[in-house]
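In what follows, a structure is listed as structure tokens, so that the remarks can point back to it.
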Amino acid sequence: MNSKFVISSPPAVNIFYNCYLVKTKNGFRVFDKNLNPISVSLTYRGGAGYRSIPVIREKDKLAYVEICSPRGSNTKKWVEWSELPNLKNKLCTKKIDSLFFMLPLHNEFGHALTEGLSRFWPLVFGGLPDVQFVFNGVYSDKNKEIAKVFWKAFGQEDSFEAKNLGSNNHLCVFKVDKIYIPEPGLHLCGVYNEVMGDVWESIVASCVPSRSTQKSGEAQKRIYLSRRKVGKRVCLDEDVLESIFIKNGFEVVFPEMLSFEEQVFLVNKSDVVAGLSGSALHLSQFMKERSKLIALTPVGHVMPDLAPVSKIKNIDLLYLIGGDADTAKYSKDAEFEFLDAACTSDFVSKKIKSFIEE
């Protein structure tokens, strides 16, 4: 396994003083004493290589604020970020001594599991002693369940309520004496730090409290994570793929029908996990050591992140590449057939059998 995308040197933790925490269109962000955005708090998508890339769309550069009125009739409204410095002396704020800030969880499942967990690594080692509370700017009802599991895993159930501080019924701007912002432990499609293995294990320990080992002679548990009911990036012949895996002793599972804790439990208890490219394959972060992962990837969507994950987790990885060149963009509304003249049903079946028996 090529290990150049796995590094062992620990990430850093940034410290900022006299800052503002402001609710924006896609979660909370940190602004400096002059109410200009701090770039490390803007990055919620990883970039290739060693660095993160700030990714903020122009239409998202809006902040939700409360303007104080001497008459007592305060006004809450959305304003452009560029207006914030001029409103500094008019904003209603609440003071916080210290804050450990992690970026908002992306509302897409795969990104929540990758970038969403990438800054939790300091909590593995007990966090920071002088922090008043830990904060994660959850900005979608879609990922609240996942957020709760994350907080529980790191003993931060009370801090999870911090997400409600920015609701429309509460103050939306906080003045903070000291803010800690950790660098990400992984960069999607780029470098992964070994410390992420400890982060993933913390999630597993919370969702799989009993680590019973496989008994001698017990049949392997094999699961195929189906995308057939997802409704986007549709594989037109996935039913055929499912039948191939069923014949090879796999159980077909629809992850979206399970709670997040159930998904973690299931993949961790499985000896072989397979599935098409997509968010569900990021559950490989929670697989047990020496298990096996089979990734069926159409041309142009190989999911390179599975390689560093398999290295850190010590799991065997097999890529099976099918489809055609038209799937290179792999957009949400893409439709494709995985099996083709080169990647036939017999070829897939033989590869599955030889990989499992290795």
Side-chain angles (χ1 to χ4, degrees), residues 3-22 24 26-56 96-106 111-138 147 150-151 153-156 159 162 174-203 282 285 304-305 307-309 311-313:
S3 61
K4 70 177 182 178
F5 292 119
V6 177
I7 58 176
S8 57
S9 57
V13 176
N14 302 283
I15 305 177
F16 300 94
Y17 298 90
N18 301 319
C19 300
Y20 290 87
L21 183 69
V22 183
T24 73
N26 60 0
F28 277 86
R29 305 295 169 178
V30 180
F31 292 71
D32 65 19
K33 63 181 181 180
N34 297 315
L35 281 166
N36 296 308
I38 294 176
S39 89
V40 71
S41 77
L42 304 184
T43 306
Y44 68 93
R45 293 289 300 274
Y50 288 85
R51 300 182 63 81
S52 295
I53 299 175
V55 180
I56 293 292
I96 295 174
D97 292 332
S98 58
L99 180 73
F100 187 90
F101 178 79
M102 287 173 288
L103 273 66
L105 292 180
H106 199 283
H111 291 293
L113 296 192
T114 50
E115 292 106 330
L117 274 174
S118 68
R119 298 172 195 260
F120 274 77
W121 60 266
L123 300 184
V124 174
F125 309 106
L128 300 161
D130 65 337
V131 170
Q132 187 174 352
F133 61 85
V134 179
F135 188 93
N136 185 240
V138 178
F150 288 0
W151 290 121
F154 295 97
Q156 298 289 339
S159 290
F174 301 86
K175 193 170 183 179
V176 189
D177 290 341
K178 183 190 295 185
I179 293 183
Y180 297 90
I181 306 180
E183 291 286 344
L186 66 84
H187 302 269
L188 202 64
C189 300
V191 173
Y192 277 55
N193 193 286
E194 289 179 348
V195 74
M196 290 307 300
D198 297 313
V199 174
W200 301 330
E201 278 302 299
S202 296
I203 300 296
H282 289 299
Q285 296 171 172
D305 297 274
V309 170
K311 173 71 175 178
I312 294 172
K313 293 292 295 182

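By convention here, the first residue in the shown sequence is residue 1. These numbers were taken from a predicted model, which means no experiment stands behind them.
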When rounded to the nearest 0.5 Å, the distance separating CD1 of Ile181 from CZ of Phe16 is 5.0 Å
Quick one: pull up CD1 in Ile312 and CD in Glu201 and give me the separation to the nearest 0.5 Å. 11.5 Å
Minimum side-chain heavy-atom gap Phe150-Leu117 below 4.5 Å: yes
State whether the side chain of Asn34 and the backbone N or O of Asn36 hold a donor-acceptor pair below 3.5 Å, judged by distance alone. no
Using 0.5 Å steps for rounding, measure from the CE atom of Met196 to the CG atom of Leu186. 4.5 Å
How about Gln285 and Val199: do any of their side-chain heavy atoms sit closer than 4.5 Å? no
Please assess Asp305 against Tyr192 for the test side-chain hydrogen bond (donor to acceptor under 3.5 Å, both in side chains), listing each intermediate value before the final yes or no. CA-CA 8 Å; Asp305 297 274; Tyr192 277 55; 2.8 Å; yes
Evaluate Phe120 against Trp151 for ring pair (Phe, Tyr, Trp, His ring centres under 6.0 Å), listing each step before the verdict. CA-CA 10 Å; Phe120 274 77; Trp151 290 121; 5.7 Å; yes
Just so I know, are the side chains of Asn193 and Trp121 near enough to count as touching, which here means a heavy-atom distance under 4.5 Å? no
Do Leu188 and Glu115 have side chains that get closer than 4.5 Å, going by heavy atoms? yes
Give the minimum heavy-atom separation between Trp200 and Lys313, together with the two atoms involved. CE3-CD, 3.7 Å
May I ask you to test the Glu183-Val13 pair for a side-chain heavy-atom distance under 4.5 Å? no
Would you call Leu99 and Phe174 a side-chain contact if the rule is heavy atoms closer than 4.5 Å? no
Search all heavy atoms of Ala153 against all heavy atoms of Ser202 and return the closest pair with its distance. CB-O, 3.6 Å
Begin from the C-alpha positions of Phe100 and Leu123 and carry the test side chain to side chain contact (heavy atoms under 4.5 Å, CB included) through to its verdict. CA-CA 10 Å; Phe100 187 90; Leu123 300 184; 4.3 Å; yes
How long is the gap from CG on Asn14 to CD1 on Ile38, to the nearest 0.5 Å? 9.0 Å
So how far is it from Cys19 SG to Lys178 NZ, rounded to the nearest 0.5 Å? 11.5 Å
Please report the C-alpha distance between Ile96 and Lys175 in whole Å, then the side-chain angles of each, then the deciding distance to 0.1 Å, and finally whether the side chain to side chain contact (heavy atoms under 4.5 Å, CB included) criterion is met. CA-CA 6 Å; Ile96 295 174; Lys175 193 170 183 179; over 6 Å; no
Under 4.5 Å between any side-chain heavy atoms of Phe101 and Leu21, yes or no? yes
Within-4.5 Å side-chain heavy-atom neighbours: Arg29 and Thr24: yes
Minimal heavy-atom distance between Leu35 and Val22, with the atoms involved, is CD2-CG2, 4.4 Å
Arg119 versus Pro182, closest heavy-atom pair with distance: NH1-O, 2.6 Å
Within this structure, what is the OG-CD1 distance for the pair Ser98 and Ile15, rounded to the nearest 0.5 Å? 11.0 Å
